[in-house]
Amino acid sequence: MRPLPMAVLCVIVLSVRVCAQEAPPPAEPTVYATEAEVLKRAFPEADDIRRDVWAFSDADRKALAEKLKRPVNDLSVTVFRPMKGEASPGWAVLTEEIGKYHPFTFMVVLDERAEVKDVEVLVYRESRGGEIVKRRFLKQFAGKSLDDPIHINKDVINITGATLSVRALCRGVRKSIVILKDYYLTGVRKVPKSGSKPAPEGDGEKSGGRIPPDSPSESVLAGGPRPMVRGCRMVMGTLLSITIYAAPEGTGAGLLEAGFREAERWDALLSDYRAETPIGELNRDGATREVTLPAEVFAVLARSFDISGRSGGAFDITVGPLVDVWRRASDRGSRPGDGELREARERIGPGHVHLNGLSRSARFDRPGVRIDLGGIGKGVALNEVVRLLREGGVTSGVIDFGGQWAGVGLPPGGGDWPVLVQDPVADGEARAWLAVRGGSVSTTSNAERAIEIAGVRYGHVIDPRSGFPAEGCLSVTVADFDAARADAWSTALFVLGPDEGMRVADRERLAALFVVRGEGGRERCIGSRSLVGRWRFIEESE
């Protein structure tokens, strides 16, 4: 086994976190203001607003990280230069930071000395921590400069229950100051002289409301929409976020909608929560008759059972009855009895599901067997959404599906996609960035959904072979060009544990990162040969 830098711990993306195998708490994006509205409030006297969209290259991110003394996972930043004739009343920086699970968008207004005049949150995407949008909190940043620490409980008072978002906002404000002071005020970067009239108030999305579920969250900047389009929608019981940075002119919004429709189509095929889906029908009638399945669904079942066999049963789409046993145990506060576990184990295992390739049908050999494709379904849908976007001409885009990430093409500015790596033990603490070229990144971890029974903490990932929660790993991350493969194998390797899992990862040529508890209780990271050979680490700066 090959130790890797301690920095590399769990996985997340610029726009989205990849935390646990299960979905993060649902969050509906809330729009509080558009760029045009904030700019008009900040610079009411401006008759022209110039704009520079800086797409970071790898070298840009590295240089900025050295200045900030921390990794930078941004793909781009937008800087505004309002003008009144030939004079300017200041600057504004539009950027994003990740709170707990999702990014929030905000604008930092600065004066000519790079001191903060105001901060406004435009779009917030978390289910908690929204107190940071309040003026009584944001006004603390006024007057801050590079000489100030801008740390919580040093010169910015924290908000209980919103600590992660407060930290993120502090990081973003400091980043905005550095970008303006060290790049724009020094002339390293210049804002183009051609500008446009500020957009009328009320253009774009209505402030203070929810993003319409069937439309992209494409904001209106001064002078028109920015080339990036982004949308968020609840699919498969979790938040699906699609960001398109580069597509053929005029096609971005249409491709965004097509991506959502494709994900929803797969939800209608694979969901086990709805009786009318093919999987719902199989779970209801599979013990009494042979159920004919759509070719796509049959292929997913066949692939799932192949991975189950290759993993020695560590990945099992029939594990649902055991999950139910442990959920009931958590509710009543006592461990499952031997009889409960034995009865549940009699109903799990691929051997109870019989596939007929000629008729593309399936049946169960006993009642109580149930198929749950939650461990591979998002990856399958991601593959198809990526394919659709590529065929539509998208050359740069990011998709986050309840934590699993996929990249399309190259990021703005070229180079690698920066993937944020999170500590699975220290809640919300970022440790490093993993640089990947397309493909998908999936993490399985017990950090988010652990249960406690009689004072003992158990993970939510169940080992189908033993009937008990899997032990041995804090998290496992798999990076692969096949999102379904990454999705399923991150669970399988987590269940197998670091020793057996590493042998299987090397055999299957999986790029896998295991985070385990080392000597003295400290976490350590172990990477497979394919991870070391195909994926590189960006040096940790903090």
Side-chain angles (χ1 to χ4, degrees), residues 21 269-273 275 277-329 336-377 379-380 444 459-472 484-485 487-497 500-501 503-505 507-508 510:
Q21 182 71 14
L269 289 171
L270 303 182
S271 174
D272 64 312
Y273 288 99
T277 69
I279 295 300
E281 181 184 358
L282 177 61
N283 284 342
R284 184 185 67 237
D285 300 336
T288 59
R289 66 179 177 89
E290 202 166 75
V291 177
T292 301
L293 300 169
E296 293 169 305
V297 176
F298 187 88
V300 174
L301 293 184
R303 185 172 194 190
S304 298
F305 292 139
D306 176 67
I307 295 175
S308 181
R310 299 184 72 85
S311 66
F315 178 76
D316 192 342
I317 60 174
T318 69
V319 75
L322 276 171
V323 175
D324 292 342
V325 166
W326 283 92
R327 186 177 292 119
R328 290 195 299 270
D338 292 341
E340 282 183 286
L341 292 172
R342 184 169 53 253
E343 191 274 335
R345 292 181 67 187
E346 289 174 352
R347 293 183 283 124
I348 71 168
H352 296 309
V353 184
H354 301 274
L355 301 181
N356 186 330
L358 293 177
S359 60
R360 290 201 308 268
S361 60
R363 65 177 178 84
F364 302 151
D365 65 6
R366 66 181 59 199
V369 178
R370 190 172 83 245
I371 297 292
D372 180 352
L373 295 170
I376 193 172
V380 170
T444 294
H460 75 281
V461 180
I462 306 300
D463 184 342
R465 305 166 303 175
S466 68
F468 284 84
E471 298 180 344
R485 179 172 150 95
D487 195 2
W489 276 107
S490 67
T491 299
L493 297 181
F494 186 94
V495 170
L496 288 170
E500 186 180 2
R503 288 193 294 270
V504 172
R507 185 195 73 204
E508 298 291 326
L510 294 164

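No hydrogens, no waters, no symmetry mates; every other heavy atom, side chains included, goes into these values. Nothing here was measured: the structure is a model prediction, and the numbers come from that model.
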Visitor: Might you point out which heavy atoms bring V319 and I348 nearest each other, and give the distance in Å?
Guide: CA-CG2, 4.1 Å
Visitor: Does the side chain to side chain contact (heavy atoms under 4.5 Å, CB included) test come out yes or no for R485 and L510, once each step is laid out?
Guide: CA-CA 9 Å; R485 179 172 150 95; L510 294 164; 3.2 Å; yes
Visitor: Could you tell me which non-hydrogen atom of F494 sits nearest to which non-hydrogen atom of T444, and how far apart they are?
Guide: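 Shortest heavy-atom separation between F494 and T444 comes out as CD1-O, 3.5 Å.
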Visitor: Is the closest side-chain heavy-atom distance between I462 and P469 below 4.5 Å?
Guide: yes
Visitor: If we ignore hydrogens and angles and just use 3.5 Å, is the side chain of W326 paired with the main-chain N or O of V461 as donor and acceptor?
Guide: no
Visitor: Looking only at non-hydrogen atoms, find the nearest pair between I307 and A488 and report the distance.
Guide: CD1-CB, 3.7 Å
Visitor: Is there a side-chain contact between V380 and E296 in this structure, where contact means two heavy atoms from C-beta onward sitting under 4.5 Å apart?
Guide: no
Visitor: Check whether any side-chain heavy atom of D272 lies under 4.5 Å from a side-chain heavy atom of L282, and answer yes or no.
Guide: no
Visitor: Is a side-chain N or O of R347 found less than 3.5 angstrom from the main chain of G368, in a donor-acceptor match?
Guide: yes
Visitor: Is the shortest side-chain heavy-atom distance between L496 and R503 below 4.5 Å?
Guide: no
Visitor: What distance separates H354 NE2 from S361 OG, expressed to the nearest 0.5 Å?
Guide: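 H354 atom NE2 to S361 atom OG measures 11.5 Å (nearest 0.5 Å).
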Visitor: Any side-chain heavy-atom pair from I371 and T318 closer than 4.5 angstrom?
Guide: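 In short, these two side chains touch, coming nearer than 4.5 Å.
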Visitor: Is there side-chain contact between S311 and W489, with heavy atoms separated by less than 4.5 Å?
Guide: yes
Visitor: What pair of heavy atoms forms the shortest contact from L493 to A505, and how long is it?
Guide: CD1-CB, 4.0 Å
Visitor: R465 side chain to G312 main-chain N or O, any donor-acceptor pair under 3.5 Å?
Guide: no
Visitor: Could you tell me the separation between the CZ atom of R360 and the CG atom of L301, rounded to the nearest 0.5 Å?
Guide: 12.5 Å
Visitor: Using every non-hydrogen atom in the two residues, find where S308 and D316 come nearest and quote the distance to one decimal.
Guide: OG-CA, 4.5 Å
Visitor: Kindly say whether G337 contributes a backbone atom to a donor-acceptor pair with the side chain of E340 at under 3.5 angstrom?
Guide: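 Yes, because the side chain of E340 sits within donor-acceptor range (under 3.5 Å) of the backbone of G337.
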Visitor: Side chain of H352, backbone of E346: donor and acceptor closer than 3.5 Å?
Guide: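 Yes, the answer is positive, given that a donor and an acceptor are paired below the 3.5 Å cut-off.
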Visitor: List the atom of G467, the atom of L341, and the distance in Å for their closest heavy-atom pair.
Guide: O-CD2, 3.7 Å
Visitor: Salt bridge between R327 and D324, side-chain N to carboxylate O under 4.0 Å?
Guide: yes
Visitor: Please confirm whether the backbone N or O of V300 pairs with a side-chain atom of S304, one donor and one acceptor, at under 3.5 Å?
Guide: yes
Visitor: Going by heavy atoms in the side chains, are L270 and I376 under 4.5 Å from each other?
Guide: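 Side-chain contact under 4.5 Å: no.
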Visitor: Given side chain to side chain contact (heavy atoms under 4.5 Å, CB included), test F298 with T292 step by step and report yes or no.
Guide: CA-CA 9 Å; F298 187 88; T292 301; over 6 Å; no
